[in-house]
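These figures come from a predicted structure and were not determined experimentally.
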Amino acid sequence: DIKAITQKTGERSASVALFCKTSEACRVKVYMAAAFPEKGEEACIGEFMSKGEMAAEVELSDIALWSAENPALYTLRFEAENAAGLPVDDAVIETGFRTVEQKNGAIYVNGKKTVMKGALIMQYLPPHHETATTHVCPRDWQIVWQYMMLKALGGNMIRLHVLGYGTNDVRFARYADRLGVMLIWITRYIDSIEQMEWEGPWRAKEGYCRQIALRLNHPSIVIWEGSNEYHASLEDIDRIHESYVPAVKAIDTSRLLCPLSFHYYATDDPETSPFNSYSTDGKSDAFGRAANATEWWTDPLVV
């Protein structure tokens, strides 16, 4: 259960929070090496004590930051030592160092204003007599092919949308990490939060959070998405945000969050339209009437 979460970045530097779990108290050494586009020599970047869990922050200098224009990746190897100072176990992750945030109506990657130019993957892939299979389980070359088409068009972002199924397929993240494609990620639990309208609690919350935790170390993922094209009442929007946002932020605060993507299909007539939403500041509804959104609607990470 290893995580490396970038806290802040400089021109060629980063503060990175490191986490891992161990079965017993031990010393943990962390080694780093360049992995892509070129491999480098491994070097120790810190030694820490774990009492079952280890949490530390390291300052990295003279590194390449990950971005769509420069998809630089590194390996981090966590090595556990016993009381005699001998290595008894190790585990390796691959990751990149980058930050993503929004402010003043713009998105910033590594502190630089960035425009996301993207496409949406519906995954209805040719040859169409195989679509029933490749919709859910595409071949590796088909994933790369779609990303290369995006890059050829001058794009830098893909919104994953395997309709009806969702996906948590790690290959989408691994190839995007290397090709420099930012991702809006959905998990196999896409749309599960909608059940709150009928059943009350978000019963799939544990499963959704478990799946995003598996993808935390992939720098290409810049937004977590909860539900697509869902049109709820203002009360349901509040309840969904109050459940989704703190649950995801408890695991990860290094990405933007899209609990609901639904700001279309509404009509201009509040008497006939079943759809509503809040204004950006949460002080009025979609029709300009005074409203008071939950605090999570205007959370700095929510888009």
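Note: Y244 and W224 fail the aromatic proximity criterion, with ring centroids not under 6.0 Å apart.
One hydrophobic cluster, built from ILVMFWY side chains closer than 4.5 Å, holds both I240 and L256. By the criterion of side-chain heavy atoms lying less than 4.5 angstrom apart, applied directly or through intervening Ile, Leu, Val, Met, Phe, Trp or Tyr residues, V170 is not grouped with I190; the two fall into different hydrophobic clusters. Cluster membership for I212 and I158, using ILVMFWY side-chain heavy atoms within less than 4.5 angstrom, is shared. Cluster annotation: V58 and Y31 are assigned to distinct hydrophobic clusters (Ile/Leu/Val/Met/Phe/Trp/Tyr, side-chain heavy-atom contacts under 4.5 Å, transitive). Following chains of ILVMFWY side-chain contacts shorter than 4.5 Å, one can reach L179 starting from V100, so the two form part of one hydrophobic cluster.
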Chi angles and distances behind the side chain to side chain contact (heavy atoms under 4.5 Å, CB included) call for L65, R12: CA-CA 7 Å; L65 302 179; R12 286 186 57 84; over 6 Å; no

Step-by-step side chain to side chain contact (heavy atoms under 4.5 Å, CB included) determination, V245 to V302: CA-CA 8 Å; V245 180; V302 170; 3.8 Å; yes

Test side chain to side chain contact (heavy atoms under 4.5 Å, CB included) applied to K205 and Y189, step by step: CA-CA 9 Å; K205 177 170 68 175; Y189 289 89; over 6 Å; no

Working for side chain to side chain contact (heavy atoms under 4.5 Å, CB included), residues I107 and K113: CA-CA 6 Å; I107 290 177; K113 190 174 181 180; over 6 Å; no

Candidate pair Y74 and W66, rule ring-ring contact (aromatic ring centres under 6.0 Å, His included), full reasoning: CA-CA 10 Å; Y74 292 83; W66 190 95; over 10 Å; no

Audit row: N292, Y278, side-chain hydrogen bond (donor to acceptor under 3.5 Å, both in side chains) steps and yes/no: CA-CA 8 Å; N292 186 24; Y278 288 108; over 6 Å; no

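Looking at S279 and S284, their side chains do bring a donor and an acceptor atom within 3.5 Å of each other. No hydrogens or angles considered: a donor-acceptor pair under 3.5 Å links the side chains of W185 and N168. Side chains of Y230 and D236: no donor on one and acceptor on the other come within 3.5 Å. For the residue pair H218 and E94, no side-chain donor N or O sits within less than 3.5 Å of a side-chain acceptor on the partner. Neither side chain, T167 nor D169, offers a donor N or O lying under 3.5 Å from an acceptor on the other.
Nearest heavy atoms, Q123 versus T134: NE2-O, 3.5 Å. In terms of heavy-atom proximity, I184 sits nearest to E225 at CG2-OE1, 3.5 Å. Minimum heavy-atom separation, P201 to Q195: O-CG, 4.0 Å. I5 and S254 make their closest contact through CG2-CB, 3.6 Å (heavy atoms, listed as atom of the first residue, atom of the second, distance). Across all their heavy atoms, Q102 and D299 have their closest contact at NE2-O, 4.3 Å. For the residue pair I2 and A91, the shortest heavy atom distance occurs at CD1-CB, 3.7 Å.
A heavy-atom distance below 4.5 Å is not found between the side chains of M32 and E42. The shortest distance between side-chain heavy atoms of L125 and T131 does not fall below 4.5 Å. Here the side chains of Y147 and F172 are in contact, with some heavy-atom distance below 4.5 Å. In this structure the side chain of E81 reaches within 4.5 angstrom of the side chain of E79, judged on heavy atoms. Residues M54 and L18 have side chains in contact (heavy-atom distance under 4.5 Å, counting atoms from C-beta outward). Residues V28 and E47 have side chains not in contact (no heavy-atom distance under 4.5 Å, counting atoms from C-beta outward). In this structure, the side chains of F78 and L76 come closer than 4.5 Å at one or more pairs of heavy atoms. The shortest distance between side-chain heavy atoms of T9 and R98 does not fall below 4.5 Å.
Distance alone, capped at 3.5 Å, is enough to place a donor-acceptor pair between the D191 side chain and the N228 backbone. R203 contributes no side-chain N or O that, together with a main-chain N or O of I193, makes up a donor-acceptor pair within less than 3.5 Å. Although no hydrogens or angles enter the test, the distance criterion places a donor-acceptor pair under 3.5 Å between the side chain of D238 and the main chain of T294. Using modelled atom types, no side-chain atom of R159 and backbone atom of L183 make a donor-acceptor pair closer than 3.5 Å. Using a distance-only test at 3.5 Å, with no hydrogens or angles considered, no donor-acceptor pair links the side chain of N110 to the main chain of K112. Under the 3.5 Å distance criterion, the side-chain polar atoms of E38 are left unmatched by any main-chain donor or acceptor of A34. Within the 3.5 Å criterion, the main-chain N or O of T75 finds no donor-acceptor partner in the side chain of T95. Not a single donor-acceptor pair under 3.5 Å links the side chain of K3 to the backbone N or O of L216. Here the side chain of E24 pairs no donor or acceptor atom with the backbone of G52 at under 3.5 angstrom. No donor-acceptor pair closer than 3.5 Å links the side chain of D177 to the backbone N or O of I221.
Atom-to-atom distance recorded for L60:CG and I45:CD1 is 5.0 Å, nearest 0.5 angstrom. Separation of atoms OG1 (T187) and CG (L214) is listed at 10.5 Å; rounding is to 0.5 Å. Taken to the nearest 0.5 Å, the CD atom of E197 stands 10.5 Å off from the CD1 atom of I237. Here NZ of K117 is found 9.0 Å from CE of M182. Values are rounded to the nearest 0.5 Å. If you take CD1 on I93 and CG on L73, they are separated by 11.5 Å, rounding to the nearest 0.5 Å. With values rounded to the nearest 0.5 angstrom, D1 atom CG is found 10.0 Å from F19 atom CZ.
A cation-pi geometry, defined here as NZ or CZ lying under 6.0 Å from the six-membered ring centre and within 45° of its normal, holds between K103 and Y108.
By the 6.0 Å contact criterion, CD on E11 is open, its count of non-hydrogen atoms from other residues, nucleotides or ligands being 12 or less. Within 6.0 Å of the CE atom in M148, the count of heavy atoms belonging to other residues, nucleotides or ligands does not exceed 12. Few gaps surround CG on N82; more than 12 heavy atoms of other groups in view lie less than 6.0 Å from it. By the neighbour-count criterion of 12 heavy atoms within 6.0 Å, atom CZ of R77 is densely surrounded, having more than that number from other residues, nucleotides or ligands. The number of heavy-atom neighbours closer than 6.0 Å to NZ of K21, taken from other residues, nucleotides and ligands shown, is 12 or below.
Applying the side chain to side chain donor-acceptor pair (under 3.5 Å) definition to pairs two or more places apart or across chains, those involving residues 50-59 are S15-E59, T22-S50.
Ring geometry, H241 versus W297: the interplanar angle falls from 30° to 60°, so the pair is classed tilted. Using bins of under 30°, 30° to 60° and over 60° for the plane-to-plane angle, the ring pair Y165/H135 lands in the perpendicular bin.
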